[in-house]
Structures are given as C-alpha cells and as structure tokens.
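Counting starts at 1 for both ligands and their atoms, in listed order.
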Amino acid sequence: MRQALEQVKGALLGASQGLQRAGAAAEAGILEAQALMLEDPAVLEAAFALLGQGVPADRAVAQSLEPFAEMLRASDDPVFRARAADVDDVAAQVARALHGVDEVPAAPDQPSILVADDLAPSQTARLDRDRVVGFATEQGSATAHTAILARALGLPAVVGISGVLQAVSEGQLVLLDGDQGTLLLDPSSDAIVEVAPPLGLAADPEPAVTRDGRRLEIACNAAGVDDARRAAAAGADGIGLLRSEFLFMDRDTLPSEMEQVTMLDQVVAALGGRPVILRTLDVGADKPLPALPQPSEANPALGVRGLRLHLMRRPDLLRAQLSAAVRVAARRPLRVMFPMVSTVDEVRQAKAMLEEVQRSIGVPEQARIEVGIMIEVPAAAVAADLLAPEVDFFSLGTNDLAQYLFAADRTNPELAQLADSLQPALLRLIGQVVNAAHRRRRWVGVCGEMASDPWALPILLGLGLDELSVHPPAVARIKARVRGLDAAVCSRVARAALKLESATAVRRLLERRGLSPG
Ligand code: PEP
Ligand code: MG
C-alpha cells in the first residue's frame, strides 16, 4: 500500500509541476492538494490501522479519506461540494495503482474528441493533448476542477451531458463547442465549414483587420520552444510573452549566459522572423524557482518577486539574462519586457543595466533593443503617463492586475468572480493605460488570460488595444472574430461599458449589441 500511495503522490506532484510550468498555477494547486491528502497523518494512520484489521488496501484508503469527502459534501457552497469529487478521485487513483490499472485513457490514433462517463482532474491533466483535442463527459459541473483544468489547458470541453456515452459511437463525427457548451452529432458539411476556423482547427497567418480597417496584432504566450513552434504553426503574429522563468523551471542550477542564448535562439528561430518578447525572470509568489530558493514570506504575491527580486537581491542574474537577450537581438527580432514594475525608478534602474550591457557588448545606439514593461501592478497603471516615456511598449498583465486591483488571490477559485475580465473597474483602468500610452505613441498589448476571453475581445478592441497575446489554439478563432468586428462600433460599446456597474451588465450590453461570442 505504501508503494501505491507514493506512486500516486509522485504522479500528482509531477502533473502539478507540468501545469505550473504551463502557467496554470491555480489548477496545479488542485493536484498538489490531492497529493497532500496522501501525506495527511490522520489519513495514513487510519488507513494502516484498517489494513492491520484485515481491510483490503483499496477500501482502507477510501474509508480513511471518506471524512474529508463527507465534510465537503455537507457544505452549503456548491464549489466545495464539487471538491468532494477530488477526494473520491484520489481514492480511485490509489485503487488503480494497487491493482496495476493504467489510469490515463489510451490516446486515440488520430486527433479525436474523447467521450467518457467522467474524467478526474488528474486524468485531464495528463491527457495526450496532441491526440485528445476536446472531451465531453456525462458527469461533472462547470465549477468542478476537471472543467477548470480544461479551461486552463485551452482544451474544449462540455461536462454533464446526460446520456452522451450512449448517444455517441466510436468514430462518429461530432462538433464540440466548449464556449457554447454544445456537442453536435453528425454535423452537416455547412456546419463544419462555418465552425472550423473559430474552433482553431485551421492555422491563420494572415493579419487580423477589422471591417473598418483597424489591425489588431494577435500574438501568443509561450513557455518554451514547443509553445513557440505551436504559436508559429497557428499563424501567430509573434510571441507577446515568453515566460522565461519556465525555461529555468526543471533545473537545479541556473543556465549560463551562453545556454540562455541557445534557448532564446531556438525560440526566436521557431517564429521565422516574427517578433518575440522575452519577459525577464518573473520568479516569486506562486512561481518559485527550484534553482533560486528564496526566504519564505508571509505574503509572497506582495513580496520580492519579478523585477524587484533582480534589483534588490540578484542584479547579476538580470545582467546575464539581458546580455543573452542583447546578443540574440543583434541577429533576430527580440524585445525585452520587465515584470512586476511598480515605480518609474525601478524601470530606470533596469534600463540603466540594459544600457550598460549594450555598451559593453558594443551595440550601436540605433540598434538598441526595444524595451517594454508589464503593467500588472495598479500603481504602474495609475502612473502609466509617467512610465510611457521610459519605454517602447506596455503589456497589460491582467492576471496580476486584476488580483491586485480587487485584492483577490488569483490562485483562489472561490474568488474567480472578482477576476471576471468584464469587471468595469478593470476595464476603466485598462482604458486609462491605453490612453496614457497612445498619447506618447507607445503601443499597448494584453498578455493576461483576458486576451483569450472571447467576451472581452470587442471591449479590448474598443478600448484601443494594439496587440493581444493569446493561447496558440485561440489564434485562428480570434483572428476570424476580429475580421467580423467594426472598431468604431466596439469603441462606442466600450465607452458605454465603462459606465456600467457590474460584469453581468457589461455582458448584457454585449449581448444586446450582438457582440457576444458564438
Ligand atoms: C499576468 O499577470 O497577467 C501575466 C501575464 O503574467 P503571469 O501570469 O505570468 O503572472
Ligand atoms: Mg503577472
């Protein structure tokens, strides 16, 4: 039994780290919490005691976890009730490990939609995403972690379709629309032609231009070379956010400058001439780096993270990263961007270091690398007019901006409503940042999850954003949608949205104006 417990715990922690690397911190936390259940002294004591009394190992584990599940099932809150499934899932995983049963559904031969009675979060996290392009299940709810995970992974999914297993047969043609929550059986060829581009089935390298001639750059977020290749294959206009910390995540030591040059070269080469924005290491808060252990903090999200960590503790690391970037930028279109900026002074310090690096490498004045900052701390958003003259561009990190604006931990699923992209307070702040940047002729993008939110698109266009950096599967869908929009209409709707009092009211406005997705 001990071996099975260790095996499941190891698998959960491994999958959790994979999600962490993919930027899905909240979802990684779900699997980590499941792993912790198997370390709980009360659970282990009860399980081994039952085993000693002759209870079979799988039942012993399930029974000792039951008090957890009971407590959750008794809650008034549907979110907590849905969490009981996570506990049952842990017990089921241990049972499968004890019986030596393969727990991840076998990958189909060709890209397919998986239809199942239910999928556990751990199974969802480990699906072969090159072959499983979406899934539909009989069980589950939108607030259960399987659905949350599917969203985080950009995997179209519809859960809780009663009778789906009986209705669909192996090899049948189906159309799954995760946004609308529908599964169409035997769709007509007209239906397929209509939905193929929005579902991201086709690559789309053409520019996204609105009906009235406004261009919106659609770039991708990337965590490494594979993502960069996926972005290029999807037809992205570039990489709007290269989360460089993920390049360093699975190592015990930090890469040398030359290793960094090689990594960056590979990423930029994958884009074949389209620009890449390297974000300097954003370590800390929910993204600790094993190779760079830091003292623990009471409030890590408010602690020494991102650019602060470099300026306060490790300028040597920033210098090495900037040197690598400058060397690659001499040959290829690479820009740099600093995360977690709160003051003008921080930007000046970072730029001074960049200038020193460029001088020492001998880069001529006119070939200087383009520099941007993330706008993800409310203080930076409020002072955008002072920051704009310092840089070439801004990118709004709406994940953190919403977290800090609403004082709502982004890893806490209970507070997800406060992180709704359509919250008018967030929209107002974004509008102010765009205006401040445009007054100085600086371009502004969004690289938080909001950029991939189909509801937010008309508003972001209307607020004047120049670039959106999205998930690779969303590129074709978003480009197609931009081409159907009118920027002047979106601008009027965005102005009206800023006067509304809730995200729900903004959603209703979009529906009334025929701008809801789908
Ligand atoms: C953000 O905060 O919106 C962002 C894009 O950065 P990260 O998610 O890596 O913190
Ligand atoms: Mg951030």
Qualifying side chain to side chain donor-acceptor pair (under 3.5 Å) pairs with a residue from residues 333-342, counting only residues at least two apart or across chains: R308-S342, R335-E370
Part of Q403 with heavy atoms under 4.0 Å of ligand 1, whether side chain, backbone, both or neither: neither
Which residues share a side chain to side chain donor-acceptor pair (under 3.5 Å) with D486, sequence neighbours left out: none
Carboxylate-amine/guanidinium proximity below 4.0 Å for D226 and R229: yes
Electrostatic pair K479-E206, nearest N-O below 4.0 angstrom: no
salt_bridge(R410, D400) N-O dist < 4.0 Å: yes
Under 3.5 Å donor-acceptor, S452 side chain and H471 backbone: yes
Contact check, R410 vs ligand 1, heavy-atom distance below 4.0 Å: yes
Stepwise salt bridge (charged side-chain N to carboxylate O under 4.0 Å, His left out) check, D265 with R332: CA-CA 8 Å; D265 258 333; R332 301 180 190 274; 3.2 Å; yes
Ligand-side contact atoms (ligand 1) for residue partner E376, heavy atom cut-off under 4.0 Å: 1 (C), 2 (O), 6 (O)
Option from V482, D466, D237 for which side-chain contact (heavy atoms from CB on, under 4.5 Å) with R215 holds: D237
Proximity of M340 to ligand 1 by residue part, where a heavy atom lies under 4.0 Å: neither
E245, any N or O under 3.5 Å of ligand 1 N or O: no
Element-labelled atoms of ligand 1 that are located less than 4.0 Å from some non-hydrogen atom of R243: 4 (C), 5 (C), 6 (O), 7 (P), 8 (O), 9 (O)
Per-residue contact class, N399 against ligand 1 - non-hydrogen pairs under 4.0 Å: both
For R274, side chain to side chain donor-acceptor pair (under 3.5 Å) partners two or more places apart: none
Residue and atom names of protein N/O/S atoms that fall under 2.8 Å from the Mg ion (ligand 2): E376 OE1, D400 OD2
Numbering as shown, the atoms of ligand 1 that approach M374 to under 4.0 Å (heavy-atom distance): 4 (C), 5 (C), 6 (O)
Part of L241 with heavy atoms under 4.0 Å of ligand 1, whether side chain, backbone, both or neither: side chain
